[in-house]
Amino acid sequence: MTDSAASQHRQSQPFLSLHKPTPIDGSFAGKHIVTVDQFSKADLRALFDVVFRFREGVRAGDRSLIELCATHVMASLFYEASTRTDMSFQAAMRRLGGRVIAASNGVQFSSVYKGEDLADSIRAAACYADVIVLRHPEVGSSYQAAWYLDQLGEQLGHRTLVISGGDGVGEHPTQALLDMFTIVDLKGGTSGKMITMVGDLKHGRTVHSLAKLIGRLEPKDCTLALVSPDMLQMPDYIVEYLRQRNIALVQTDTLADVLPDSDVVYWTRVQEERFDNRADYEAIRDAFVMTPDVLASAKPDMILMHPLPRKNEMGDAAQRDALDRDPRAAYFKQMENGMFVRMAILAAVLGTVKP
Ligand code: ASP
Ligand code: CP
């Protein structure tokens, strides 16, 4: 590991070397969740069994679920905007009987406003909660948090866990878990499939995590197609990660090359907030727009995914409406699955369920 893209990436992101993520390796209890690198195929299978159980349980009104985390508290610490990740984690914790805390008026009106740094805010949350869900704009922020939590744990005699809810343009591990669960749920998995990711693959942390997770599973006969304008290509360190795991890759800027053969199409938003230069964003924002006309050339049994939120990359209101009613649109099911997956993750790391 000297000059590979992956090690160059780690060296350029100092926080990534602070904490060494612990592989799950069959045991979730007590583990921070900061990257998909922690998961093996067996871990995923075991976790998804719990997700299926929890989903059935919630739908059937199973009251035993609310015993699972009845003595636990989760802190929600979001330094970046969120609808789904924040709400689904909160809902997940509550459906397991746990409590949720957050700064009353959002993190911007916590002591962050007075200049408190991430380390001290993390330490504060750790004094009051058993698990912290953290979203922060800096790559490696959840690794940083894990490191501070382990240090503090020694002093306090109990360790609070962190789960990443997205670290800048780095990763969004629990999103990848819910994306993969949705692919397993609706398409039976990734083996033998063509999975196509479209749009801002450079800044999109969801596609970074999902691509790596696909690499980790080393599915048989799976092709991963990466469709983006030149400016928004998947980072080299992830392409290398995939090549090392022998994933068949297609990289193109022409959707028509791959759309008719795709089984899963993962559409993404151009990440406006990550651009330094507004003109670059304006030039690229409409590079790929999914509309009913575009979807017409896709397979009848494919699924269209999107982590959401969406802006103009799914056309105007009428086009969106038509897409939403297409049976291939999977993004609302994907969004709902997020809560069940996060229930399983919370109960598993808190040790109240054994996947
Ligand atoms: N919600 C996802 C994220 O936070 C995707 C997006 O914002 O476009 O990464
Ligand atoms: N998919 C996702 O992370 O959505 P939010 O940004 O709304 O949390």
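A quick note: this is a predicted structure, and the numbers were derived from the prediction, not measured. Atoms within a ligand are numbered from 1 in the order they appear, just like the ligands themselves. For the numbers below, each heavy atom of this structure counts, side chains included, while hydrogens, waters and symmetry mates do not.
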* Asked: Just checking, is any N or O donor in the side chain of Q233 or S228 under 3.5 Å from an acceptor N or O on the other one?
  -> no
* **Numbered atoms of ligand 2 (with element) below 4.0 Å of Q175, judged on heavy atoms** => 1 (N), 2 (C), 3 (O)
* To do: Take every heavy atom of R135, measure it against each atom of ligand 1, and state whether any distance is under 4.0 Å.
  => yes
* Which residue supplies the protein heavy atom nearest to atom 7 (O) of ligand 2, what is that atom called, and how far is it? -> T83 N, 2.8 Å
* Mode of Q271 contact toward ligand 1 - side chain, backbone, both, neither (heavy atoms, under 4.0 Å) -> side chain
* Asked: Can you list the atoms of ligand 2 that are under 4.0 Å from a heavy atom of L308?
  -> 1 (N), 2 (C), 4 (O)
* Quick one: do D321 and R325 make a salt bridge, cutoff under 4.0 Å? -> yes
* Test item: side-chain donor near acceptor, E171 and T35, under 3.5 Å -> yes
* To do: Measure the distance from atom 6 (O) of ligand 2 to every protein heavy atom, then report the residue, atom name and distance (to 0.1 Å) of the closest one.
  => R135 NH1, 2.9 Å
* Check whether any heavy atom of H172 sits under 4.0 Å from an atom of ligand 2. => yes
* If Ile, Leu, Val, Met, Phe, Trp and Tyr residues are connected whenever their side-chain heavy atoms lie under 4.5 Å apart, and connections chain through other members, are M194 and L255 in the same group? -> yes
* To do: On the 0 to 90° scale, with breaks at 30° and 60°, tag the Y143-H19 ring pair as parallel, tilted or perpendicular.
  => perpendicular
* Quick one: look at M335 and ligand 2, take heavy-atom pairs under 4.0 Å, and tell me if it's side chain, backbone, both or neither. => neither
* Asked: Given R84, R269, R205, which has its nearest heavy atom closest to atom 4 (O) of ligand 1?
  -> R205
* Structure fact -> heavy-atom search around atom 4 (O) of ligand 2 in the protein gives R84 NE, 3.1 Å
* To do: Please indicate whether any nitrogen or oxygen in P309 is less than 3.5 Å from any nitrogen or oxygen in ligand 2.
  => no
* Structure fact -> In H9, H208, H203, the residue satisfying side-chain contact (heavy atoms from CB on, under 4.5 Å) with P235 is H208
* Asked: Backbone or side chain, does any N or O of H172 fall under 3.5 Å from an N or O of ligand 1?
  -> no
* To do: Mark yes or no: R342 above the aromatic ring of F340, with NZ or CZ under 6.0 Å from the six-membered ring centre and no more than 45 degrees from the axis.
  => no
* At a non-hydrogen distance cut-off of under 4.0 Å, which region of T206 contacts ligand 2 (side chain, backbone, both, or neither)? -> neither
* Asked: Is there a donor in the side chain of S141 and an acceptor in the side chain of D167, or the other way round, less than 3.5 Å apart?
  -> no
* **Under 3.5 Å side-chain donor-acceptor pair for Y241 and R216** => yes
* To do: Considering the heavy atoms of T206, write down every atom of ligand 1 situated less than 4.0 Å from one of them.
  => 2 (C), 5 (C), 9 (O)
* Asked: Where's the contact between L308 and ligand 1, heavy-atom distance under 4.0 Å: side chain, backbone, both or neither?
  -> backbone
* Quick one: which ligand 1 atoms are inside 4.0 Å of a heavy atom on P309? -> 1 (N), 6 (C), 7 (O)
* To do: If the plane angle is over 60° it's perpendicular, under 30° parallel, otherwise tilted; pick one for F52 and F181.
  => tilted
